[in-house]
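In each ligand, atom 1 is the first atom listed, and ligand 1 is the first ligand listed.
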Amino acid sequence: MPDSEKQELSRLTDYRRYTYAVASVMAMAIFFVSWLFRHPHDLFIAIGYPVFSVVYGVSCVMLIHGRVRLRLLEVGLVSLMAVIVLSRLAWHFIVGEPFGDNLMPLISGHYWAVGVLIVLAFIALGFKAGMAVAVVAFSFSALLATGASLSCAVGEPADCSNAMYFLRIHLFLLALLALTSSGTLLRDQTFAAIARAQVLEKLNVTDRLTSLANRYGAIRYLEKNTGNTSQQEQPLSVTLVNVDHFRRINHTHGRDTGDLVITRIGELLSEVMGLQGLVARWGSDEFLVIRPGDDQGEALHRAEHCRWRMEHTPIAGLAVTASFGVAQYDTEQGIDDVLCRADQGLAQARANGRNVVAAAPEQRPPPHSFRRREREDLPAV
Ligand SMILES: Nc1nc2c(ncn2[C@@H]2O[C@H](COP(=O)(O)OP(=O)(O)OP(=O)(O)O)[C@@H](O)[C@H]2O)c(=O)[nH]1
């Protein structure tokens with residue numbers, strides 16, 4: 001994975017860690033305030049809330065410290081919240097006073113927490129795990145409410161009106177579950193589609209053998225950078241590189257060695273020429289080097305240095321040389337023109353006996369679209 005993508009992912013993880021840390025601090029504050037203003041006989045709050053408060057405090061430190069895996073902490077935080085919310089709900093039904101006047105405080109004060117649990121589970125855990133937590137929370141809550149409303153069936157009118165309240169609350173929870181789950185599914189599918197598109201996009205512009213940009217990637221880079229060139233008026237040069245007598249290498253040493261030579265030459269070009277620009281595999285044994293910021297003189301100098309390195313460095317154990325054609329981009333003439341002139345420079349280098357660097361001729365070649373060639377070279381999808 002490229003460094004820029006790693007940085008992006010790490011920034012996203014940090015963002016999530018800090019968001020959960022803020023949520024944990026808020027949970028601590030809620031527990032503390034509830035504990036301060038608790039009913040004197042409410043043992044659940046008196047004993048449970050200080051414990052929960054400490055656990056959320058510890059989670060907050062772990063989140064900020066960053067040592068424990070984020071996914072583990074997410075599962076832990078949602079599970080903890082589920083335990084607190086559902087056990088408090090069970091306490092209301094089983095241990096608490098009979099509903100009477102307490103029904104409305106129970107409904108307004110506690111079912112919102114079940115709703116928040118459902119939403120949080122989807123946000124933090126994604127569709128599948130979120131759905132599991134939401135279904136457990138909803139079923140548990142519905143079971144408790146059904147148990148408390150059973151006496152309605154044997155003719156307790158007060159319990160029947162309670163049952164209606166519970167029914168409305170659970171319909172609301174069901175709607176929340178449906179909305180949040182479909183929203184999360186949409187989010188997850190959108191992210192997956194974006195990730196797939198990015199992979200395809202990368203494959204589309206990358207040469208399989210060398211992992212350098214391919215011809216399409218080089219054209220895209222040129223189009224992007226020549227836009228900048230006209231705006232900033234900085235020069236841009238391209239160098240077309242062709243391996244001398246490459247067919248012989250394949251013929252004498254086999255295609256695997258040929259592949260290795262191509263890969264090593266790509267690495268050497270990237271090392272010498274590619275730090276500030278792009279090295280692409282233009283086609284079989286041809287490479288294109290694009291250097292924003294270099295005028296023709298600088299590009300010729302760099303190409304000569306690279307030619308010299310190749311001549312004096314065994315590549316895959318073989319003596320390999322290459323020919324170089326250099327041209328500077330002309331804002332008036334466009335991309336096809338600079339590519340044609342680099343091609344003419346390369347032809348000149350080969351005519352001069354190969355293992356040579358040559359500049360593009362002064363006279364312009366007839367117009368020819370490299371971009372059309374590049375699209376013809378793309379495999380049919
Ligand atoms: N090993 C290997 N060979 C390839 C690959 N792509 C193209 N080739 C071969 O590269 C050779 C290129 O041949 P030519 O274009 O005649 O180039 P050359 O032999 O260097 O001749 P000059 O350019 O005139 O010096 C062909 O034999 C192709 O089959 C590849 O990915 N791997």
Ring centroid separation for Phe44 and Trp91, is it under 6.0 angstrom? yes
Could an N or O of ligand 1 be found under 3.5 Å from any N or O of Ile262, whether backbone or side chain? no
Any heavy-atom pair between the side chains of Thr313 and Val320 that's under 4.5 Å? no
Side chain to side chain donor-acceptor pair (under 3.5 Å) test vs Thr210 passes for just one of Asn214, Thr206, Asp207, namely Asp207
Would you call Arg350 and Leu346 a side-chain contact if the rule is heavy atoms closer than 4.5 Å? yes
Just going by heavy-atom distances, which of Asn250, Leu260, Thr321 is nearest to atom 9 (C) of ligand 1? Asn250
Pairs of nitrogen or oxygen atoms closer than 3.5 Å, one from Val243 and one from ligand 1: do any exist? yes
Let me know which of Asn352, Asp244, Asn242, Asn355 forms a side chain to side chain donor-acceptor pair (under 3.5 Å) with Ser323. Asp244
Would you mind checking which non-hydrogen protein atom is closest to atom 18 (P) of ligand 1, with the distance to 0.1 Å? Phe246 N, 3.5 Å
When you measure from atom 25 (O) of ligand 1 to every protein heavy atom, which one gives the shortest distance, and what is it? His245 N, 2.9 Å
Under 30°, 30 to 60°, or over 60°: which ring-plane class applies to His92 and His110, parallel, tilted or perpendicular? perpendicular
Is His251 close enough to touch ligand 1? Criterion: a residue heavy atom under 4.0 Å from a ligand atom. no
Within-cut-off N or O pair, Arg248 and ligand 1, under 3.5 Å: no
Closest protein heavy atom (residue, atom, distance) for atom 23 (O) of ligand 1: Arg350 NH1, 2.6 Å
Would you call His253 a ligand 1 contact, heavy-atom distance under 4.0 Å? no
Atoms of ligand 1 less than 4.0 Å from Arg281 heavy atoms? 5 (C), 6 (N), 30 (C), 31 (O)
For atom 4 (C) of ligand 1, what is the closest protein heavy atom, and at what distance to 0.1 Å? Arg255 NH2, 3.4 Å
Measure the distance from atom 17 (O) of ligand 1 to every protein heavy atom, then report the residue, atom name and distance (to 0.1 Å) of the closest one. Asp285 OD2, 3.3 Å
Closest protein heavy atom (residue, atom, distance) for atom 19 (O) of ligand 1: Arg247 N, 2.7 Å
salt_bridge(Asp42, Arg88) N-O dist < 4.0 Å: yes
Side-chain donor-acceptor contacts of residues 136-143 below 3.5 Å, not counting sequence neighbours, with atom names and distances?
from	atom 1	to	atom 2	distance (Å)
Ser139	OG	Val135	O	2.6
Ser141	OG	His170	NE2	2.6

Could you find the nearest protein heavy atom to atom 7 (C) of ligand 1 and give me its residue, atom name and distance? Ser284 CB, 2.9 Å
Residues Arg281, Glu286: salt bridge by 4.0 Å N-O rule: no
Would Asp259 count as a polar contact of ligand 1, with the cut-off being nitrogen or oxygen pairs under 3.5 Å? yes
Give the ring-plane orientation class for Phe32 versus Trp35, where under 30° counts as parallel, over 60° as perpendicular and anything between as tilted. parallel
In ligand 1, which numbered atoms sit nearer than 4.0 Å to a non-hydrogen atom of Asn242? 23 (O)
Once you measure the plane-to-plane angle for Tyr111 and Phe166, does it fall in the parallel (<30°), tilted (30-60°) or perpendicular (>60°) bin? perpendicular
Atoms of ligand 1 under 4.0 Å from any heavy atom of Gly258, numbered from 1 in the order shown, are 1 (N)
Within-shell test, Arg354 vs ligand 1, heavy atom, strictly < 4.0 Å: yes
